[in-house]
Each structure stands twice: as C-alpha cells, then as structure tokens.
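Here the structure is laid out as structure tokens; the discussion comes afterwards.
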Number of protein chains: 2
Amino acid sequence: MAARRAVEQELTRQMIIDVAHELFVEEGYQNVSMRKIARSLGYSHGAIYYHFKNKADLLTAMVDQDFAMINNEIDKLDHLNMKNEEKLRQLLLGYIQFGVNHKHHYEVMFMIRDKEVNSHTMESPNKSYYRFSKKVAELTNNQLPVTVIWSVFLMLHGFVAQYCRTDQSYENIRGLAETHVHLILRAINN
Amino acid sequence: MAARRAVEQELTRQMIIDVAHELFVEEGYQNVSMRKIARSLGYSHGAIYYHFKNKADLLTAMVDQDFAMINNEIDKLDHLNMKNEEKLRQLLLGYIQFGVNHKHHYEVMFMIRDKEVNSHTMESPNKSYYRFSKKVAELTNNQLPVTVIWSVFLMLHGFVAQYCRTDQSYENIRGLAETHVHLILRAINN
DNA sequence: CCCCTTTTTAACCAGTGTTCAATTAAATAT
DNA sequence: ATATTTAATTGAACACTGGTTAAAAAGGGG
C-alpha cells in the first residue's frame with residue numbers, strides 16, 4: 001500500500017550502512033542478503049537499491065567510511081604533547097583499542113574475503129597501512145627496517161583479529177593489550 | 001544413466017574432504033555449495049550425502065583432521081636433539097611454516113566464522129592452543145606468565161592470518177617469518 | 001538370482017541479487 | 001490553493017542457486 005514515507009522517517013545511506021555493518025560482521029557478508037538488511041531496517045528490499053547501486057557498492061561505501069575513521073585516529077597523534085616513545089606506545093595501543101572498540105569495522109576492513117569485493121575496496125587497507133608505517137618510522141627516528149615495521153603491524157593485527165571474534169570489551173582486555181604492546185616495544189627497542 | 005561406478009573409482013570420504021578443503025578456503029565455506037564440490041569431483045551432488053550427513057558434518061570431519069596434523073607437528077619437537085632455546089625457535093617458526101604451507105587448513109581451523117558451525121568444531125582450536133602453550137612454557141622453564149604466552153601466540157597468528165590471504169609460498173616469505181620470530185624471541189628474552 | 005552398497009536424477013522449498021512499473025509524499029510552479 | 005513534477009518506496013517478477021531428500025538404477029559379492 002503505502003509507497004513513500006513521511007519525510008522524518010525517510011531512509012538514508014547512513015542508516016543502511018549502520019545496519020548492514022552490524023549484520024555483515026555478525027553473520028558475514030555472504031550470509032546477509034539485501035532483503036535481510038531491509039527487513040532489519042523496516043523497509044522493503046527495493047528501497048536499498050534507490051540508495052546504493054548494488055550490494056558491493058554498499059560494502060565499498062561502508063569500508064571507505066571505516067578507513068577514514070582509522071586514518072583520523074592516526075593523525076590525532078600529531079597534536080599530542082608527549083615524547084616520541086610515548087607517542088609510539090599510544091599508536092600501538094590506539095590501534096588495538098580502535099580494532100577492539102570497532103570490531104565490526106575492523107573485521108569488514110581487514111578480514112572480509114570475497115571474490116565480489118572489487119579491487120578498489122582492497123586499496124584502502126594498503127593506504128591505511130602506509131600511513132601507519134610512516135608514523136611508526138617517524139616515531140622511531142627511521143631506525144627500523146621496513147620488515148620490522150611490517151612485523152609490528154602483524155603482531156597488532158593478530159591481537160585484534162582474535163578479539164574480533166569475541167564479545168570482550170576493550171576495558172575487559174586492556175591489561176592483555178598493554179602486555180602485548182609492551183612486548184612489541186621490547187622487541188624493537190634494541 | 002549410469003548409477004553406480006566401477007569399484008576402483010568409487011568416491012571416498014577422503015576424496016571429498018580434500019576437494020572441499022581447497023574450495024572452502026579459496027572461496028569460503030559459504031560460497032562453496034555441495035553441488036560445486038560434487039562437480040569438482042566429477043560426481044553428482046547426491047553422492048556426497050551418502051558419505052556425509054550434511055555440509056556441516058563434512059566441515060567437522062575436515063577440521064578434526066587438520067588439528068590432528070598440527071598437534072602432531074608440535075609433538076615432533078620432543079624427538080629433536082637441540083637445546084630448548086633452539087627448540088622454541090623451531091616451535092614458533094614451525095607454527096608459521098605450518099600455517100603458511102597449509103593455508104587452507106589454517107584458515108578453516110582458526111578463521112571460519114559461521115553460525116552453522118557447531119560448538120564441537122570450536123573445541124579443537126582450544127585444545128590445540130593448550131598444547132602449544134604448554135610446550136612454550138616447558139621450553140622456557142615455566143618462566144613466562146600465561147598472558148605473555150598468549151601474546152606470543154597472537155603474534156604468530158597475526159602473521160599467518162595475513163599470509164593466508166595471499167598466494168605467497170613459505171619459501172617466498174621465509175625471511176619475513178624469521179624476522180618475525182626473531183622479534184618475538186627478543187620480546188620474551190628479557 | 002538376491003541383496004547390499006553406491007550413485008544418479010528429479011523434485012522440493014527457501015532463498016538470492018536485481019529490475020521495474022506502480023504508487024505516494026513532498027517540493028515546486030502556477 | 002491547485003496542479004505538476006520530482007523523489008522515495010513498494011512489491012511483484014525474473015532467473016538463479018542453495019541444502020536436502022528420496023526413489024530409481026546399477027555394480028559386486030554370496
């Protein structure tokens with residue numbers, strides 16, 4: 001019956017992205033249908049196609065947003081007033097904190113594996129890693145070989161990837177995260 | 001037409017597991033249909049149901065096998081003739097080597113996330129981690145807190161998880177793996 | 001020849017992404 | 001205030017694919 005809705009309850013791209021985000025990570029990109037997203041929003045599936053070209057387009061928009069968040073997080077460090085050693089600790093701990101606090105985002109960003117996902121979607125993680133590694137290099141006075149920086153990243157990734165699959169809050173595992181970062185710092189400080 | 005085949009080309013559970021294994025990891029559990037597995041084997045999809053109750057049953061059988069492999073790998077260390085420090089290096093490097101050489105297995109073992117997967121399938125990783133951690137503790141004369149051992153595992157997991165998504169062979173990344181293990185050892189050797 | 005084991009094939013039913021004409025709310029023009 | 005246009009939403013339809021079941025068919029051993 002009812003076709004268009006009153007303007008104060010119109011669907012937006014952001015509403016769709018938010019709902020899809022939760023579903024994608026809880027159940028996996030493949031297991032979430034456009035119909036399921038729509039049902040979850042209380043709209044019909046056709047409506048989503050008014051806002052996004054198709055399912056992959058929705059994912060791309062979502063991932064772009066997520067990477068903007070993490071890049072932003074890295075840039076925040078510049079305005080902090082502490083010495084490099086402490087900034088580095090903050091960067092590493094902040095990475096874990098971001099990952100654990102935004103499990104959905106992190107998983108979508110770094111852990112979706114799917115043929116359908118176009119190559120554009122794969123560029124963002126690379127650009128984001130580049131930003132991260134430049135910052136680590138800077139904060140260590142360019143003393144670290146690139147392979148070591150890469151290892152550091154993988155160590156962080158391992159932590160976050162694991163806790164993405166649990167319901168633990170960051171507060172809950174802060175101690176473990178600090179141990180982890182402490183170990184990483186010990187590994188790279190001569 | 002032809003219903004049953006000549007006995008020397010009969011389908012076996014192992015044949016199905018092997019083919020399914022490749023497909024599951026190349027394309028993801030959800031993206032591989034029973035029909036696709038059957039097609040890949042040159043049999044009709046119904047045949048698989050003679051050997052496995054259903055799709056989840058097939059996955060469970062597969063994962064059980066995989067964990068038997070990794071547990072076996074850990075036990076091999078006992079028969080090696082070297083000092084503990086070197087054994088530990090071997091354990092860590094061996095973990096990475098196993099993961100990268102058996103990307104399919106590793107991903108199925110530690111990285112599948114799916115409602116359908118029953119809880120029995122989730123027990124195996126835990127048991128396997130327990131074995132790993134006991135061995136690390138033993139090789140470090142029980143000097144390491146459990147949280148540190150857990151961190152070590154996550155560091156290894158991060159490496160393997162990343163390279164599971166690429167086509168790189170272990171030979172190709174041996175150097176990086178050695179750097180990674182070297183860093184880990186440096187982190188835990190005061 | 002009968003029986004058990006293995007395999008095929010058709011069938012069922014539920015679900016998929018996507019398109020599109022029809023419908024209606026709001027915005028704009030008259 | 002009314003008419004027209006535009007924007008947003010629906011729901012049916014299309015052409016598939018999915019897991020699973022079950023009856024029918026065929027090889028092999030006794």
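The figures here come from the full heavy-atom set of this structure, side chains too, leaving out hydrogens, waters and symmetry mates. Protein chains get the first letters and strands the later ones, always in sequence-line order, with residue 1 at the start of each.
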Does NZ or CZ of B:Lys55 fall inside the cone over B:Tyr29's six-membered ring, less than 6.0 Å from its centre and within 45° of the axis? yes
Taking D:dG19, C:dT8, C:dT18 as options, the one with an atom nearest any side-chain atom of B:Ser33 is D:dG19
Below 3.5 Å, does any donor atom in the side chain of B:Arg4 face an acceptor in the base of D:dA26, or the other way round? no
Please report, rounded to the nearest Å, how far the P atom of C:dG17 is from the CG atom of A:Leu23. 12 Å
Could you tell me whether the side chain of A:His45 has a donor or acceptor atom within less than 3.5 Å of a complementary atom in the base of D:dA12? yes
Taking only distance into account, with no hydrogens and no angle test, what donor-acceptor pairs under 3.5 Å do side-chain atoms of residues 5-12 of chain A form with protein atoms, sequence neighbours excluded?
unit_1, atom_1, unit_2, atom_2, d
A:Arg5, NH2, A:Gly42, O, 2.7
A:Glu10, OE2, A:Arg4, NE, 3.4
A:Glu10, OE2, A:Arg4, NH2, 3.0
A:Thr12, OG1, A:Met15, N, 3.1

Give the nucleotide from the list C:dT7, C:dT18, D:dG19 with an atom nearest to the side chain of B:Leu11. C:dT7
Taking CG from B:Asp57 and P from D:dT20, how many angstroms apart are they, rounded to a whole number? 10 Å
Nearest-Å distance for atom pair OH/P, residues A:Tyr43 and C:dT24: 17 Å
Sequence neighbours excluded, the answer for side chain to side chain donor-acceptor pair (under 3.5 Å) partners of A:Arg131 is A:Asp75
Chi angles and distances behind the ring-ring contact (aromatic ring centres under 6.0 Å, His included) call for B:His102, B:Tyr106: CA-CA 6 Å; B:His102 305 89; B:Tyr106 193 86; over 10 Å; no
When you check the phosphate oxygens OP1 and OP2 of C:dT8, does a side-chain N or O of B:Arg5 lie under 4.0 Å from one of them? yes
Consider the side chain of B:Arg35, meaning its heavy atoms from C-beta on, and name the nucleotide among C:dT18, C:dT24, C:dC12 that approaches it most closely. C:dC12
Does a side-chain N or O of A:His51 approach OP1 or OP2 of D:dA7 to a distance below 4.0 Å, or not? no
With heavy atoms under 4.0 Å as the rule, sort B:Ser44 into base, sugar-phosphate or nothing. base
Of B:Glu10 and A:Ile48, the one whose closest DNA chain D nucleotide lies more 5': A:Ile48
